[in-house]
Q: 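Okay, handing you the structure first.
Just so we're on the same page: letters track the sequence lines, and every chain starts at 1. Since the structure is predicted, the reported quantities are computational estimates derived from the model, not experimental observations.
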Amino acid sequence: MSTAAPTPRDTWTVPEKPGLDGLEGRWGATWQDQGTYRFDRSAERADVYSIDTPPPTVSGSLHVGHVFSYTHTDTIARYHRMRGKAVFYPMGWDDNGLPTERRVQNYYGVQCDPTLPYDPAFEIPRPTSELSAAEKKKHRDQHISRRNFIELCNHLTAEDEKAFEHLFRVLGLSVDWGLTYATIDDRSRRVAQRAFLRNLERDEAYQAEAPVLWDIDFRSAVAQAELEDREREGAYHRVPFTRAGDGEPIFIETTRPELIPACVALVAHPDDERYQPLFGTTVRSPLFGVEVEVRAHTLADPEKGSGIAMICTFGDITDVTWWRELQLPTRSVITENGRFQTETPEWIAASGDGALEAYGELAGKNVKQAQRRIVELLREAGALDGDPKPTTHPVKFYEKGENPLEIITSRQWYIRNGGRDAGLRDALLERGRELHWHPPHMRVRYDNWVNGLNGDWLVSRQRFFGVPFPLWYPLDDEGLPRYDAPILATEADLPVDPSSDLPPGGAFTADQRDQPGGFTGDPDIMDTWATSSLTPQIATAWEEDADLFARTFPMDLRPQAHEIIRTWLFSTTVRSHLEHDSLPWRNTAISGWVLDPDRKKMSKSKGNVVTPLEFLEQYGADAVRYWAASGRPGTDTAFDEGQLKIGRRLAIKLLNASRFALGLGGGDGAAQVNDLSLVTEPLDRAMLADLATLVEDATVAFDGYDYARALERTEAFFWQFCDQYLELVKSRAYGGQGDEAAWSAQAALQLSLSTLLRLFAPFLPFVTEEVWSWWQQDSVHNAPWPDASELRDAAADGDPQAFAVAAEALGAVRRAKTEAKRSLKWPVTKVVVVDHEPRIKALGRVIEDVREASIAAEIVLEVGAEASITVELAPEPDEPPADA
RNA sequence: GGGCGAUUGGCUCAGAUGGUUAGAGCGCUGCCUUCACACGGCAGAGGUCACAGGUUCGAGUCCUGUAUCGCCCACCA
């Protein structure tokens, strides 16, 4: 712990005309050179504060949202550093996953085709934005191999990372830039693969053939956490099934008539008397004549539609529930590309020529086309009762997708997350309670999510740029993979790419790949969250550097945004619970969003994104940080350029007030008055007593992660300090009441300045460092956080009331001068203050300061019930006042 | 459908465990430039604290309900 008191130099020089320009570049370079923010690896765990910095998605754009939330974290990091902690503050880059793939596709106009061989001579194409229209046409969708594609991903993300690092450095994040990682780098891949292998060993990961939500454009499975609902137009189609015995029509209503060929049953509520007689009997579907059973299930809503629904495999998630719980057969017709399979399904073929013919009309069509056609067919067959009734209803989409998700059956990897296991779910809910949430109400979202899980975590993705599953399958004599006998990578070999590396142990040779009797690599990659969920383990070098890990894990803080509680925060908790039987961190600080001035969430698509670098250049980093730090934890905040101006003004004020406080005594080489016993004057002591209270408040606020409160209190004090205290003390500090009174003022000014600079340092790192450098050694950012008790000692018998009444009296004098339209320098012949006795006594102790600041010849104090302040200005002179 | 949060002067927001005339800043108005600061300073005007009840000696602050906005979650045929 570095608790040494700040050490001012013996003499110092204050710049004549201090300014803010260029501070970012100058101090950024100095901090880098001097390792100001370097993590001290020798610190014990108890003296370390470790932060699980969110790795920004580098393929995204830089926006003020980054500036906002990263500044919040930085203020907390700086606070703990000043409290003497060794702050472990790494930076990661999230370059793994779909956003990068899409960006590379668009940026270079290429498509990944995994069937193509690697082309070592492939050159990085020019960005499509630089191509002429003719060139664009020619280059459109150039197909390249997976490995070439991944090289492009790496190339582009490296560029993106530079831009992010530049922004973060200009912003003044006190990250240790020696501690960076990327979610696709070797260590991340090792950690992700190792954690997965461990999950597999402990049966926390498993493979299953099951219905999954499927994006037909990306041709990949999608996890529950990546879903979103979108309102879509649809229509209820009223369609008759026919009862087996008497051919009576049973009407169902559906928004997806095209799934009639995939129907496996009808279902109604067990208490629904209308349908009770049908339970256990069979009906035939229209057009296809396929016989299906009528079943009972409590999820069927008698109020909805006709009260009886058709179950298809699969139209929506409810279908999956019914299918599972009623143990229905699987009859899927939609394939991975979102089209109806071309081959006629057997259960339809078995139903006769009419069915065959009807299916032929749908085969190969996409969902929309098939729906249009089947409605025509139903109408022709007289199997559509009335016109479809338009409706809007929520439809599930992949959050990055453009078409509704389909549900298809496929083989995927899962990690247990409590979605199917009440014991694990309860344990994870308990972890949520164990974690300290800032602000606390954010935990509700975690609880909501965990309680709403309806399955385990699907972690496999049928994509290219990501961490591969570290395993292979033997192929049988027919060349089919033996999924029940995967060959696992050994931990020492990680990271591996099963599509190019061989299984361990020399059991196979390269020419046996994809040959009957040989082997094949698992083709899938992990969900990007499967890697991101391990950021604590990646950053702290789990199983890679035992010493570092022991000093930094479990971490102290996870800062993040609220919309990814269900994904990032939850999945990280799951992995740590499974691997370490602990929380990954003790605290989480949830930041809000930046809204545009119309209170809409800022987003690229809306075109209202503000680019942060322009503002950093125009107003300075401290001003931008000031705005960001004013946003309360967890609260959405509107972007307000006006706040940047205020922040800049605050920074400038700090320069000028410091110049005054440090420039007293005149000339350069001003003498240091660093002896607290010199503070004898009542006004000085009163101010220090207030300052001690401020330090206590700011400390409590920071300990509760309420940086915004700490800033607000410090700022409010500082403006009072400048407007009232500096004016009241100015004359005396210059020597107006003798040397000892002047030294008291100077010592108090230096002590308060030192304190205020340190209180502001987490928010305004550049200007505080600049001022600090005028008179102190070392960096303010490694100086100890102010100590309230030390200030209390210096304040001694200081009475805050004395400061308050003095400021009031000075205010009354200023008001009188303003109302008389006189300069504040205008002399006053007499001030009469009437007030209650304690206030008059308090004012009496500081009367000389008030008199001099008022430029008053005389101040008369009277005790009285009716408080008043009467100001008598000097008359208009024939000549300028002599002593003004 | 369930839940969380918000609602304070024209704007952006403070108002921890209920207690004297509800605070800031921006904007607006007026005044003031040698001696820290015109990238300033001083002062002024401006609020029935969303609404309706209730608890209390006393409510912006607690309780109940209502409205509006935002968000999270949900099995939405």
Q: For A:R230, check salt bridge (Lys or Arg N to Asp or Glu O under 4.0 Å) against everything at least two apart and list the hits.
A: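 For A:R230 the salt bridge (Lys or Arg N to Asp or Glu O under 4.0 Å) partners, ignoring immediate neighbours, are A:E228.
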Q: Can you tell which of B:G15, B:C71, B:C76 lies closest to the side chain of A:W593?
A: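 Of the candidates, B:C71 comes closest.
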Q: Considering residues at least two apart in sequence or located in another chain, which fulfil the salt bridge (Lys or Arg N to Asp or Glu O under 4.0 Å) criterion with A:E727?
A: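 Residues passing salt bridge (Lys or Arg N to Asp or Glu O under 4.0 Å) with A:E727: A:K730.
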Q: For atom P, what is the distance between B:A45 and B:U56, given to the nearest Å?
A: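 Looking at atom P only, B:A45 and B:U56 are 38 Å apart.
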Q: Tell me, which pairs form a salt bridge (charged side-chain N to carboxylate O under 4.0 Å, His left out) where one or both residues lie in residues 711-723 of chain A, sequence neighbours left out?
A: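 As it turns out, the salt bridge (charged side-chain N to carboxylate O under 4.0 Å, His left out) pairs with a partner in residues 711-723 of chain A, which skip direct neighbours, are A:R632-A:E712, A:D697-A:R713.
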Q: Does a nitrogen or oxygen in the side chain of A:R566 sit under 4.0 Å from OP1 or OP2 of B:C73?
A: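 Yes, such a contact exists.
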Q: Applying the ring-ring contact (aromatic ring centres under 6.0 Å, His included) test to A:F615, which of A:W627, A:F639, A:Y626 qualifies?
A: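 Considering A:W627, A:F639, A:Y626, a ring-ring contact (aromatic ring centres under 6.0 Å, His included) with A:F615 is found only for A:F639.
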Q: In chain order, what residues pass the salt bridge (Lys or Arg N to Asp or Glu O under 4.0 Å) check against A:E325, with sequence neighbours excluded?
A: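 Per chain and number, A:E325 pairs via salt bridge (Lys or Arg N to Asp or Glu O under 4.0 Å) with no residue.
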Q: Regarding A:Y725 and A:D684, is there a side-chain donor-to-acceptor distance under 3.5 Å anywhere?
A: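 A pair is found: one side chain offers a donor N or O, the other an acceptor, under 3.5 Å apart.
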Q: Of A:F718, A:Y707, A:F702, which is the lone residue that meets ring-ring contact (aromatic ring centres under 6.0 Å, His included) with A:F763?
A: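 The residue from A:F718, A:Y707, A:F702 that satisfies ring-ring contact (aromatic ring centres under 6.0 Å, His included) with A:F763 turns out to be A:F702.
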Q: Quick one: the dot-bracket string of RNA chain B, using Watson-Crick and G-U wobble pairs with both distances under 3.5 Å, [ ] for crossing pairs and | for bases paired to another strand.
A: (((((((..((((.....[...)))).(((((.......))))).....(((((..]....))))))))))))....
Q: In the 5'-to-3' direction, what one-character label does each nucleotide of nucleotides 41-46 of chain B receive under the scheme B = base within less than 4.0 Å of a protein heavy atom, S = sugar-phosphate only, - = no such atom?
A: SSSS--
Q: What class does the angle between the rings of A:F717 and A:F721 fall in, given that below 30° is parallel, 30 to 60° is tilted and above 60° is perpendicular?
A: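 A:F717 vs A:F721 ring planes: parallel.
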Q: Could you state the atom-to-atom distance from CG of A:D636 to P of B:U7 in whole Å?
A: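 Rounding to the nearest Å, CG of A:D636 and P of B:U7 are 13 Å apart.
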Q: Using the C1' atom on both, measure B:C4 against B:G47 and round to a whole Å.
A: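 Taking atom C1' in both B:C4 and B:G47, they lie 29 Å apart.
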Q: Using the C1' atom in both, what is the distance from B:U7 to B:A52, to the nearest Å?
A: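 The same atom, C1', in both gives a distance of 15 Å.
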Q: Are OP1 or OP2 of B:A6 and a side-chain N or O of A:R632 less than 4.0 angstrom apart?
A: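 It does not, given that no N or O in the side chain of A:R632 lies less than 4.0 Å from OP1 or OP2 of B:A6.
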